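What follows is one structure encoded as structure tokens, with my remarks underneath.
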Amino acid sequence: MAEEARPCKNCGMLSQGNFCTRCGQRLSVHKVTFRETFEDLSDALISVNAPLLITVRDLVIRPGDLLRNYLEGKRKRYYRPVAFFLLTTFLYIVIRSLIGFDPFRDSTVVVEGDKVDVSLLTEARNFMLININNFLFVFVLTLALLMKLFFYKRYSLAEFIAVSFYLLGIYTLLVTCNMFVVQYAGNNLQPLGITIMWLYFIYAMISFMKRPAFWVVLKSIIVFLLAFMTYGVTSFGLSYLIVLSRQS
């Protein structure tokens, strides 16, 4: 007895077996899980077929369509969320090194006599600034948890984590571009990156949720503000504990 043909969630083609005969995506695609989000990471990072430009374009122009498509099973056409996040983070690190961006350019140093008084809190702040890319995973988790809390009926936590990886990949690109602005135009433009990201997050959630705009905007403002504050406090707290342990 012949196996029943199943529709591919990526292109709609009816196929038998495990893979679509048109696009090659696996037919048994279900809801996003933690395993789905993190698997095949190395393959996604080095694959020449990964549609990175399409992913960036759709995240900027129509983020809601990309996020819904990915969660509904149309995944072959997009760069995987964790891989996208790590790639943009790597790009940030490389460019920061190439242009010699100094994260301490706006730091205030306390001077007493001929010696510089570097307190434990200052060391923790400096550690956080140097390793800010490593703490972005905290931002991913806090943003996903708060999205689940405020939009809990729509998607699972694992799905919101995938969404968070995508959106914070865009945040990393914005911060990378903002480094050039701060480097060559002045320190007073430092908040520009996070401000644009806040507006982008609101736009992305309106596009993604397809609910009454007022409530989505209100919830998005609160979610991003709380997530960013929690990310900052947690990152500083972890930095403080690490610095303190090194001095013990």
Side-chain angles (χ1 to χ4, degrees), residues 8-13 19-20 22-27 29-99 101 132-141 143-144 147 155 158-181 192-194 196-208:
C8 171
K9 291 187 177 181
N10 184 60
C11 67
M13 180 72 178
F19 298 93
C20 175
R22 175 187 290 169
C23 68
Q25 176 172 290
R26 183 180 293 275
L27 293 178
V29 173
H30 306 291
K31 292 188 66 174
V32 173
T33 62
F34 287 105
R35 180 178 179 181
E36 166 80 12
T37 302
F38 289 93
E39 72 178 355
D40 299 332
L41 176 58
S42 60
D43 179 66
L45 279 172
I46 64 175
S47 173
V48 296
N49 296 318
L52 178 61
L53 294 179
I54 293 175
T55 301
V56 174
R57 181 200 66 190
D58 285 1
L59 277 172
V60 172
I61 299 175
R62 40 180 179 269
D65 290 345
L66 181 148
L67 297 174
R68 282 192 303 274
N69 287 339
Y70 184 82
L71 297 182
E72 290 169 3
K74 299 176 181 178
R75 294 168 195 163
K76 189 173 179 63
R77 69 180 71 175
Y78 302 120
Y79 215 73
R80 287 179 177 266
V82 180
F84 178 69
F85 173 79
L86 290 181
L87 185 63
T88 56
T89 302
F90 175 75
L91 184 66
Y92 163 80
I93 296 171
V94 171
I95 292 180
R96 187 177 76 173
S97 176
L98 288 176
I99 68 175
F101 183 78
I132 196 65
N133 51 287
N134 297 324
F135 291 115
L136 279 174
F137 283 100
V138 177
F139 202 0
V140 170
L141 183 59
L143 187 62
M147 283 193 290
Y155 300 101
E159 290 173 315
F160 275 122
I161 287 178
V163 169
S164 188
F165 272 120
Y166 270 133
L167 297 183
L168 291 182
I170 292 295
Y171 169 68
T172 308
L173 290 178
L174 286 172
V175 171
T176 302
C177 294
N178 197 48
M179 278 196 302
F180 289 96
V181 177
L192 183 61
I194 190 64
I196 295 176
M197 178 59 198
W198 200 347
L199 295 174
Y200 168 77
F201 179 76
I202 295 170
Y203 161 68
M205 294 306 289
I206 292 173
S207 175
F208 178 42

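The shown structure was predicted, so the numbers you read here are calculated from the model rather than taken from an experiment.
Not counting sequence neighbours, the partners of F85 by the ring pair (Phe, Tyr, Trp, His ring centres under 6.0 Å) test are F137, F165. Scanning for side chain to side chain donor-acceptor pair (under 3.5 Å) contacts around R62 gives D58, with sequence neighbours left out. By the salt bridge (Lys or Arg N to Asp or Glu O under 4.0 Å) test, R68 pairs with D65, sequence neighbours left out. In this view, Y92 and R96 satisfy the side chain to side chain donor-acceptor pair (under 3.5 Å) rule, not counting sequence neighbours. With sequence neighbours left out, the ring pair (Phe, Tyr, Trp, His ring centres under 6.0 Å) criterion links F139 to Y171, F224, F228, Y231. Listed by chain and residue number, V140, L143, A144, M147, L168 satisfy the side chain to side chain contact (heavy atoms under 4.5 Å, CB included) test with S164 (two or more places apart in sequence, or in another chain).
Distance OG1/T89 to CG/L136: 5.5 Å, rounded to 0.5 Å. A distance of 10.0 Å separates CG in L173 from CE in M197, rounded to the nearest 0.5 Å. Once rounded to the nearest 0.5 Å, the distance linking CG of L91 with CG of N133 reads 12.0 Å. Put simply, CG on L66 and OH on Y79 are 14.0 Å apart, with the number rounded to the nearest 0.5 Å. A distance of 7.5 Å separates CE of M205 from CG of L167, quoted to the nearest 0.5 Å. The line from CD1 of I196 to OH of Y203 is 14.5 Å long, rounded to the nearest 0.5 Å.
In this structure the side chain of Y78 reaches within 4.5 angstrom of the side chain of Y166, judged on heavy atoms. Contact of the L52 side chain with the L87 side chain is registered, since non-hydrogen atoms from C-beta on lie closer than 4.5 Å. Between Y70 and V163, the closest side-chain pair of non-hydrogen atoms is not below 4.5 Å. Between N178 and L174, every side-chain heavy-atom pair lies at or beyond the 4.5 Å cut-off. Side-chain atoms of M179 and I99, non-hydrogen and from C-beta on, do get closer than 4.5 Å to each other.
Closest of all the heavy-atom pairs between C11 and C8 is N-SG, 3.5 Å. Taking each heavy atom of M13 and R22 in turn, the nearest pair found is SD-NH2, 3.5 Å. Taking both residues in full, the closest heavy atoms of G64 and S207 are given as N-OG, 2.9 Å, listed atom of the first, atom of the second, then distance. Residues K74 and Q25 come closest through the heavy atom pair C-OE1, 4.2 Å.
For R77 (side chain) and N10 (main-chain N/O), a donor-acceptor pair under 3.5 Å exists by modelled atom type. A donor-acceptor contact shorter than 3.5 Å links the side chain of T55 to the backbone of P51.
No more than 12 heavy atoms of other residues, nucleotides or ligands sit less than 6.0 Å from atom CZ of F90.
Ring-plane geometry between F208 and Y155 is classed as parallel, the angle between the planes falling under 30 degrees on a 0 to 90 degree scale with a further cut at 60.
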Applying side-chain contact (heavy atoms from CB on, under 4.5 Å) to F84 and I170, what does each step give before you reach the verdict?
CA-CA 9 Å; F84 178 69; I170 292 295; 4.1 Å; yes
